[in-house]
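Small disclaimer: the values here were computed from a predicted structure and weren't measured. Side chains are part of it too, since the values below use all heavy atoms of this structure and drop only hydrogens, waters and symmetry mates.
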Amino acid sequence: MKTNKMITALFVLLFSSLSVFSQKNEVTIPDVSVVAGKSITLPIYLENSADVVAVQFTLELPDGFYLDADAASLTERANGHSAKMKYIAYNKYMAMIFSSENQPIVGRTGILMNVPLYAYDGMQDDSTYLMTLSDVVIANREGDNIITG
């Protein structure tokens with residue numbers, strides 16, 4: 001009898017630890033191409049296995065690029081959420097997506113926000129420039145940061 005309880009306890013621990021490892025809550029940006037002097041819409045992706053009610057991140061652009069923070073827009077994944085994006089330092093913008101009703105974002109994967117991104121005329125075509133996301137917070141209803149990647 002004790003052996004059965006021990007085996008059951010081990011299986012419960014194993015399966016609960018596997019579910020923790022399978023959780024994925026991350027914000028990403030894809031590789032994009034922008035022609036000098038032109039603009040594109042930069043998609044901001046959210047993949048979440050848990051309910052997410054708020055997201056915050058800092059986006060740093062390389063020299064020669066800028067974005068229109070006022071024109072950033074949420075997609076159909078918003079569930080009464082508001083979005084604020086603002087310039088905070090040289091080439092750095094902070095985005096905050098939140099629900100005043102503490103409602104979860106709709107769905108588990110896909111584009112959460114679109115941001116107009118512009119390349120100045122003097123940029124070199126066929127060159128690679130690095131954009132970075134930092135200071136990412138993905139919050140659940142309790143206000144915990146549940147980011148996994």
Side-chain angles (χ1 to χ4, degrees), residues 10-149:
L10 287 173
F11 275 116
V12 168
L13 284 172
L14 175 67
F15 287 120
S16 65
S17 66
L18 288 176
S19 69
V20 169
F21 289 119
S22 66
Q23 296 251 346
K24 189 171 191 180
N25 301 304
E26 65 182 9
V27 176
T28 59
I29 53 175
D31 292 338
V32 293
S33 296
V34 186
V35 176
K38 301 292 181 183
S39 67
I40 63 161
T41 299
L42 176 67
I44 310 294
Y45 286 87
L46 172 66
E47 184 172 345
N48 55 297
S49 56
D51 285 343
V52 171
V53 299
V55 175
Q56 178 178 311
F57 59 86
T58 300
L59 177 62
E60 184 171 358
L61 303 177
D63 287 338
F65 292 87
Y66 67 99
L67 58 80
D68 185 353
D70 293 332
S73 61
L74 294 173
T75 66
E76 67 280 351
R77 293 194 66 192
N79 186 12
H81 287 75
S82 298
K84 302 289 183 193
M85 188 168 215
K86 67 179 216 163
Y87 177 83
I88 58 171
Y90 181 73
N91 287 349
K92 284 188 178 185
Y93 298 83
M94 178 179 283
M96 294 171 283
I97 300 142
F98 57 93
S99 167
S100 61
E101 302 290 322
N102 213 22
Q103 292 297 314
I105 290 170
V106 176
R108 297 293 182 199
T109 186
I111 300 170
L112 177 61
M113 174 184 256
N114 288 304
V115 182
L117 176 70
Y118 302 90
Y120 288 107
D121 288 331
M123 302 304 299
Q124 294 293 318
D125 288 336
D126 298 326
S127 294
T128 301
Y129 301 93
L130 182 65
M131 286 184 278
T132 58
L133 283 174
S134 63
D135 307 320
V136 178
V137 175
I138 300 174
N140 63 13
R141 283 190 169 158
E142 291 76 35
D144 301 321
N145 189 1
I146 56 172
I147 188 170
T148 62

Separation of [Y] [atom2] from [X] [atom1] (nearest 0.5 Å):
| X | Y | atom1 | atom2 | result |
| --- | --- | --- | --- | --- |
| Leu67 | Ser39 | CG | OG | 11.5 Å |
| Lys24 | Ile146 | NZ | CD1 | 14.0 Å |
| Asp68 | Tyr87 | CG | OH | 14.5 Å |
| Leu46 | Thr109 | CG | OG1 | 8.0 Å |
| Phe57 | Ile138 | CZ | CD1 | 10.0 Å |
| Ile111 | Thr75 | CD1 | OG1 | 7.0 Å |

Taking Asn102 for its side chain and Arg141 for its backbone only, find out whether a donor-acceptor pair lies under 3.5 Å. yes
Backbone N/O of Glu142 and side chain of Asn140: donor-acceptor pair under 3.5 Å: yes
Can I get a per-line list of side-chain donor-acceptor pairs under 3.5 Å for residues 78-85, giving both atom names and the distance, sequence neighbours left out?
from: Asn79; atom 1: ND2; to: Pro104; atom 2: O; distance (Å): 3.1
from: His81; atom 1: ND1; to: Asn79; atom 2: N; distance (Å): 3.0
from: His81; atom 1: NE2; to: Val53; atom 2: O; distance (Å): 3.2
from: His81; atom 1: NE2; to: Gln103; atom 2: O; distance (Å): 3.1

For residues [X] and [Y], determine if any side-chain heavy atom of one lies less than 4.5 Å from a side-chain heavy atom of the other.
| X | Y | answer |
| --- | --- | --- |
| Ser49 | Arg108 | no |
| Ile147 | Asn25 | no |
| Val55 | Val137 | no |
| Met131 | Leu42 | yes |
| Ile29 | Leu59 | yes |
| Leu130 | Pro62 | no |

Do you know the tightest heavy-atom contact between [X] and [Y]?
| X | Y | result |
| --- | --- | --- |
| Phe65 | Ala119 | CE2-CB, 3.7 Å |
| Ile40 | Ser33 | CG2-O, 3.5 Å |
| Tyr129 | Gln124 | OH-N, 3.4 Å |
| Pro116 | Ala72 | CD-N, 4.2 Å |
| Tyr93 | Leu61 | CE1-CD1, 3.8 Å |

With Asn48, the side chain to side chain donor-acceptor pair (under 3.5 Å) member among Glu26, Arg77, Gln23: Arg77
Passes salt bridge (Lys or Arg N to Asp or Glu O under 4.0 Å), Asp121 versus Lys38? Steps please. CA-CA 8 Å; Asp121 288 331; Lys38 301 292 181 183; over 6 Å; no
Students often mix this up, so state it plainly: with edges at 30° and 60°, are the rings of Tyr118 and Tyr66 parallel, tilted or perpendicular? parallel
